[in-house]
Amino acid sequence: MHPTAAPERIPTEHAPGSATTDHVTPTHCPYCALQCGMGLVRGAGGVEVVERPAFPVNGGALCGKGRTAPAVLSSRVRLTEPLVRSRVSGELEPAGWDEALDRIAEGFARVRGEHGADACGVFGGGGLTNEKAYALGKFARVVLGTSQIDYNGRFCMSSAAAAGTRAFGLDRGLPFPLADVARTGCVILVGSNLAETMPPALRYLTELKENGGTLIVVDPRRTRTAEQADLHLAPRPGTDLALALGLLHLVVAEGRTDEAYIEERTTGWEEARAAAMAHWPEYVERVTGVPVPQLRDVVRLFCDAEHAMVLTARGPEQQAKGTDTVSAWINLCLATGRPGRFLSGYGCLTGQGNGQGGREHGQKADQLPGYRKLTDPAARAHVAGVWGVDPDSLPGPGRSAYELLDALGRDVKSLLLMGSNPVVSAPRAAHVEERIRSLDFLVVADVVLSETARLADVVLPVTQWAEETGTVTNLEGRVLLRRRAVDPPGGVRSDLEVLHGLASRLGHGEKFPVVAEEVFEELRRASAGGVADYSGISYGRLREGDGEGVFWPCPQEGEGTQEEGTHRGTPRLFLERFATEDGRARFVAVAHRDSAEETDAEYPVVLTTGRVLSQYQSGAQTRRVEELNAAAPGAFVEVHPRLAARLRVADGEAVAVVSRRGRVVVPVRVTSGIRADTVFMPFHWPGEGRANTLTHPALDPVSRMPEFKVCAVRVERVERV
Ligand SMILES: Nc1nc2c(c(=O)[nH]1)N[C@H]1C(S)=C(S)[C@@H](COP(=O)(O)OP(=O)(O)OC[C@H]3O[C@@H](n4cnc5c(=O)[nH]c(N)nc54)[C@H](O)[C@@H]3O)O[C@H]1N2
Ligand SMILES: Nc1nc2c(c(=O)[nH]1)N[C@H]1C(S)=C(S)[C@@H](COP(=O)(O)OP(=O)(O)OC[C@H]3O[C@@H](n4cnc5c(=O)[nH]c(N)nc54)[C@H](O)[C@@H]3O)O[C@H]1N2
Ligand code: SF4
Ligand SMILES: [Mo]
């Protein structure tokens, strides 16, 4: 059943520490959106990671997660055979592939027959390769005929995507190569803890400062990243919208707008300006806690710089007003003439390995491949043509991720989950877990037995990064080739094989190739002419040179002529025009508003959540790596010394953190690096330290992003039992 292609072998690049081996497979890390280049060597003791200095983004550097990633390839920690829930014992028991796939096909057919196609749900992930994301979206719409598909990227950068699209007509995380960050004059980094979430990227901030540039960090905590800043602003969580509007107010008041740029390259300034002018600096200080003199410093540093950038990450984005918040930061950039100018502009640091590509090829509730809109008749006709189906047979847009999870067991009776662990990572997780448990039928394809997989009726063990070939698109919009370096264990199959096996049983097998390159060839055609046009990219091109990849859009030019395949990709967007109809960027008038749940007498403290260096996401993979677990063994809550004194708790003692959704018990970490009105929890663990037991599922009205970064809690001292 496995594609027969042998592991790729290319001559050794520079490979320190691997003197005894002569073949290195160049590939990319399985985890975050930086998609660091690495080499894999098969040695006596298994797979070894070696540096791949020629790959430009990380220049050989890796964080501990990337370096230890081969540990998850081990059969000791992963799934190696399908599991099917016994109708007798009720337990998951080993089964053959045919039995497992038959059971799933029957399950979906039954649910569809009894409740209609929309009772079948699909939930994908931003860690899936482009080929998998594409095949999953096609599977939902063509095989199951359901509109009910969405993915965890909704929880990730969807607010930035929505704001980027409405301002620029196109959303690509960074519209410029990451290396530009080192060459600009001033960077405002809003709610990103790059030093822990993309460590090798820190070098660009260091270089920025070495080149005389200024780094401003906006984060309620003095993170390792904030420690690098020339200026650190620590607003109250959930107030970035007011902050950005206050800065724009000052830009106008101090006459620092770029009138010629506004006139030539934008629309909507009058309304956006009027909205910003309602946000007086003193009001903004009261809301955010950031003193007015600091606001003035930011304006001076940002406007004095010839080139300047604003970069956002999950801090300002994972809010029920995330889209408007990002729009406010984009407005600041537009008013000062930054986007579409060399070494300047706005960018979002995407998160997951394929956080960018994963949202371009059709696993999002409202999208078709090529970043096309599911509601656009021309887009439907084009994609239906590539798929060989009637455009009218394609369902319309479905529910967003949280809404889909919330509908489980009610309107949506069965779910296929590929590449996410929502029992740990979804907001209001106890409720989501209860919804998942109420399903008629749950299928999980995963590498490991995740907390969500434990609840499944059928668990399918799949291959991972080093065992398969496929493309990913990093945070710069750079399309990259991951190459197979080792053979998977006998009992596992790839996600593409899983979809093929299911499609075959449901009557559409021929539409689902199992070789990634064949899927990519189809994806090229499906994306042709779309916003995210990959039609000029081929595996051959991606193998060229040092494998530095191709930035989309990359259309297929001059088909059948000498020019064919000559488009070099687009490292920098918008230099001449924006991707809107009239070529101008659009200001969006926005105003500050409260968070969904403000603090009160009963729940007086703000909880915000995020990440630590040594764990990744729901921890499904990294909690299985000894070295990482030793570095970050369990959940905790960061508490300011003043709050700790009030609670009479010392560092390491247990507290209960309680919200209207639930209660967790975790040790405290006392640190002066957090606001006294705020506590912070990483979300990587299940059980009694699960941060998402507490979080609020309020959704942004545009992006449908949940409010992971703000909710109201109280903290109570408890005796450890
Ligand atoms: N080690 C590690 N690295 C990762 C991941 C991981 O799980 N672990 N996940 C990857 C993924 S998918 C993603 S999305 C990225 C995320 O990367 P980041 O966005 O850097 O990660 P977070 O820790 O979620 O949030 C960043 C910062 O936002 C701050 N913050 C909290 N509330 C607010 C607020 O209201 N306003 C502002 N301005 N800041 C706030 C937090 O204190 C935190 O330091 O990381 C990627 N890299
Ligand atoms: N409180 C709080 N919650 C958050 C966040 C936050 O900041 N705070 N951040 C949110 C964000 S930004 C994100 S991205 C989500 C992420 O949260 P999740 O969606 O849970 O992401 P992962 O933990 O990466 O889960 C991926 C799962 O897929 C499996 N997997 C990996 N590769 C593959 C593959 O190729 N195929 C298949 N079939 N399976 C695979 C892994 O083993 C793992 O079980 O969490 C969100 N939740
Ligand atoms: S920074 Fe991200 S891509 Fe690079 S090694 Fe670490 S986890 Fe992997
Ligand atoms: Mo993410």
Side-chain angles (χ1 to χ4, degrees), residues 28-37 55-58 124-134 136-137 150-165 168-181 192 194 197-198 201 311-314 317 326 345-364 366-372 419-420 465 470-482 520 523-524 526-527 530-534 537 542 548-554 569-574 579 617 703 705:
H28 297 271
C29 173
Y31 300 121
C32 87
L34 206 54
Q35 281 305 289
C36 293
F55 182 68
V57 181
N58 62 312
L128 301 178
T129 59
N130 290 316
E131 292 79 1
K132 295 178 184 190
Y134 172 83
L136 191 64
D150 209 45
Y151 79 123
N152 68 7
R154 185 74 69 172
F155 296 162
C156 190
M157 38 12 73
S158 61
S159 293
T165 301
F168 308 127
L170 178 157
D171 140 54
R172 196 182 85 187
L174 298 179
F176 38 70
L178 190 56
D180 281 7
V181 170
S192 156
L194 201 73
T197 53
M198 296 180 184
L311 303 177
T312 64
R314 301 308 81 79
E317 298 169 12
V326 174
Y346 164 78
C348 151
L349 300 161
T350 63
Q352 298 178 83
N354 196 26
Q356 181 67 46
R359 70 185 186 259
E360 296 162 0
H361 301 298
Q363 58 175 336
K364 203 171 170 196
D366 54 354
Q367 281 178 3
L368 287 171
Y371 227 128
R372 290 184 155 91
S420 180
W465 59 293
T471 61
V472 289
T473 306
N474 82 346
L475 77 172
E476 309 163 284
R478 192 194 285 263
V479 184
L480 300 165
L481 185 64
R482 279 201 201 147
F520 190 81
L523 181 161
R524 289 175 66 178
S527 78
V531 170
D533 191 331
Y534 282 42
I537 306 176
L542 297 178
E548 64 271 24
V550 179
F551 292 80
W552 71 257
C554 180
T570 317
R572 293 185 183 79
L573 293 165
F574 314 140
Q617 313 277 61
S703 66
M705 163 74 83

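Applying the side-chain hydrogen bond (donor to acceptor under 3.5 Å, both in side chains) test to W465 and every residue at least two apart in sequence or in another chain returns nothing. Residues satisfying the side-chain contact (heavy atoms from CB on, under 4.5 Å) criterion with A313, sequence neighbours excluded, are S192, L349. Shown here are the side-chain contact (heavy atoms from CB on, under 4.5 Å) partners of C554, two or more places apart in sequence or in another chain: I537, R541, V550, H567. The side-chain hydrogen bond (donor to acceptor under 3.5 Å, both in side chains) test applied to N58 returns no partner, not counting sequence neighbours. Residues satisfying the side-chain hydrogen bond (donor to acceptor under 3.5 Å, both in side chains) criterion with T471, sequence neighbours excluded, are N130, E131. Remark: A133 pairs with Q363 by the side-chain contact (heavy atoms from CB on, under 4.5 Å) rule, at least two apart or across chains. The side-chain hydrogen bond (donor to acceptor under 3.5 Å, both in side chains) check on N152 picks up Q352, with sequence neighbours excluded. Under the ring pair (Phe, Tyr, Trp, His ring centres under 6.0 Å) criterion, F168 pairs with F574, F578, sequence neighbours left out. Checked against salt bridge (Lys or Arg N to Asp or Glu O under 4.0 Å), E317 has the following partners two or more places apart in sequence or in another chain: R314. With sequence neighbours excluded, the residues forming a side-chain contact (heavy atoms from CB on, under 4.5 Å) with E476 are V57, L174, P177, L178, N474, R478, F551, listed by chain and number. Shown here are the salt bridge (Lys or Arg N to Asp or Glu O under 4.0 Å) partners of D180, two or more places apart in sequence or in another chain: R183, R572. Residues forming a salt bridge (Lys or Arg N to Asp or Glu O under 4.0 Å) with R154 (at least two apart in sequence, or on another chain): D150.
When side chains are defined from C-beta on, R359 counts as touching D171, because their heavy atoms get closer than 4.5 Å.
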